[in-house]
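Presented below is the structure to which this report refers.
All values reported here derive from a predicted model rather than from experimental measurement. Residue numbering restarts at 1 for every chain, and letters A, B, ... go by the order of the sequence lines. For the numbers below, each heavy atom of this structure counts, side chains included, while hydrogens, waters and symmetry mates do not.
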Number of protein chains: 2
Amino acid sequence: MGERVLPRAERRRRTEGRILDAARALFAEVGYERATIRAIARSAEVDPALVMQYFGSKQELFQQSVRVTAVDTATGTETDADTGTGAEDLVERLLGTLGAKMGEMPQGSLAMMRSMLTHPEAATSARQVLGAQIDRLTESIHGEDARLRAALIMTVMVGVTVGNQLLELDELRGVPPEEIARLLRPSLRALTGPDVS
Amino acid sequence: MGERVLPRAERRRRTEGRILDAARALFAEVGYERATIRAIARSAEVDPALVMQYFGSKQELFQQSVRVTAVDTATGTETDADTGTGAEDLVERLLGTLGAKMGEMPQGSLAMMRSMLTHPEAATSARQVLGAQIDRLTESIHGEDARLRAALIMTVMVGVTVGNQLLELDELRGVPPEEIARLLRPSLRALTGPDVS
DNA sequence: GTCTATAAAGGGATAGAC
DNA sequence: GTCTATCCCTTTATAGAC
């Protein structure tokens, strides 16, 4: 038992990863209620009991599935470095994430959004993520209704993502992300107000 | 049996109405999956079996609950008369429905929207209603991307309604509808493009 | 016509065999 | 540690009593 191709810890880690991937995909596709442990296990090619053994409950599995995404949604794209914090910069970053979203938005985010209207935990998570984004935006918007404007900007983003990724409106299918970003930019700029940087 | 306070047909009609009201309210609150026939019957103070007797299935009950709303959502507010069809007029009408939504948006619409991400039938219904609205808007928008712009306008409206009515974001709670309309107007105008009427 | 009783199905969770 | 078998609950839907 000295040398082993896959140490048990490593093997377990990979199995967990497969389960989480399958869970994210199914949660994102049909939402919390309709995604069953059995179906997730089948998709991950493991035994349903194993899923329970690893994650304890369906609710726990769901939280694990969307957790990682919560943070990287909050940071926008993958680059949360020291880019500018001006309103224009933030708008561009949001439009950028939209671009990323079109192709392959992180499935954890989609899983959370898919269930946010019908699953209380998902709603709480969505409010937290959006709240964090609104906080950021508020700081970079000057003027009277900064926080309200920031909130409206995020609701616009939610609306476009819902229409595009979740409702899959025909009118938005196959439209290049840059095109949507181009049309949306003036609308978001109007909400940030005059940028006095 | 000549004269009766409530003819049986009338009594049945009222009972059906009570059931539909209760169904709309519960569907709007918790979505299709979590709204059970039992809970709806309890709320309407009737026997669960009666609900099945009247509507045949849960799916049928849901469709009946959201049907009426589908049309009056399509017409905007209650006034679908011969008001103008210019882009500006339509934007104002949309902003007006937003105002109405804040206070008491038709519960049938909320029921449909609550479930549109997780219930296939609700999704289909939502796409139809939004598609009809997009058609209207497209006619009044001139220029290259008329249909795409119209679709984005509707997604913005969806986003605001979701954030406000369904997700109930703190930042939007208690904000007067006119205020939201005022801040949103320039964004929507930006999407309609220059109005050459 | 209205309700009681129950059927039928599905899913989350668990105990124990291997 | 992994899987088999099963428990137990909830829900929709139906059949038949009153």
How long is the line joining [atom1] of [X] and [atom2] of [N], in whole Å?
X	N	atom1	atom2	answer
A:I40	C:dG11	CD1	P	11 Å
B:E45	C:dT2	CD	P	16 Å
B:R42	D:dT11	CZ	C1'	13 Å
A:L26	C:dG11	CG	P	11 Å
A:F62	C:dA13	CZ	C1'	19 Å
A:E60	C:dG12	CD	C1'	15 Å
A:K58	D:dT10	NZ	P	16 Å
A:R13	D:dG1	CZ	P	17 Å

Give a yes/no verdict on a cation-pi contact between A:R12 and A:Y54, requiring under 6.0 Å between NZ or CZ and the six-membered ring centre and an angle within 45° of the axis.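 That pair qualifies as a cation-pi contact.
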
Does any donor-acceptor pair link the side chain of A:R38 with the base of C:dG10 at a separation under 3.5 Å?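 Under the 3.5 Å cut-off, the side chain and the base do not form any donor-acceptor pair.
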
Heavy atoms within less than 4.0 Å of DNA chain C: which residues of residues 47-55 of chain B have one? Give them sorted by number.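 Only B:D47, B:A49, B:L50, B:Y54 qualify.
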
Any residue meeting salt bridge (charged side-chain N to carboxylate O under 4.0 Å, His left out) with B:E92, in chain and number order, not counting sequence neighbours: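 With sequence neighbours excluded, B:E92 shows a salt bridge (charged side-chain N to carboxylate O under 4.0 Å, His left out) to B:R185, B:R189, given in chain and number order.
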
Taking any heavy-atom pair under 4.0 Å as a contact, classify B:R12: base, sugar-phosphate, or nothing.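 Answer is nothing: B:R12 stays at 4.0 Å or more from every strand.
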
Whether the side chain of A:R127 engages the backbone of B:L167 through a donor-acceptor N/O pair (distance < 3.5 Å, no angle test) should be reported.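 Flag set: sc A:R127 to bb B:L167 pair under 3.5 Å.
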
Has A:S140 got a side-chain atom pairing as donor or acceptor with A:L137's backbone, closer than 3.5 angstrom?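 The answer is yes, because a donor-acceptor pair under 3.5 Å joins these two groups.
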
Answer yes or no: is there an ion pair linking B:R182 with B:E178, defined by an N-O contact shorter than 4.0 Å?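 Salt bridge between B:R182 and B:E178, a charged N being under 4.0 Å from a carboxylate O: no.
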
Is A:D135 salt-bridged to A:R147, going by a charged N under 4.0 Å from an acidic O?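 Looking at A:D135 and A:R147, the cut-off is met.
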
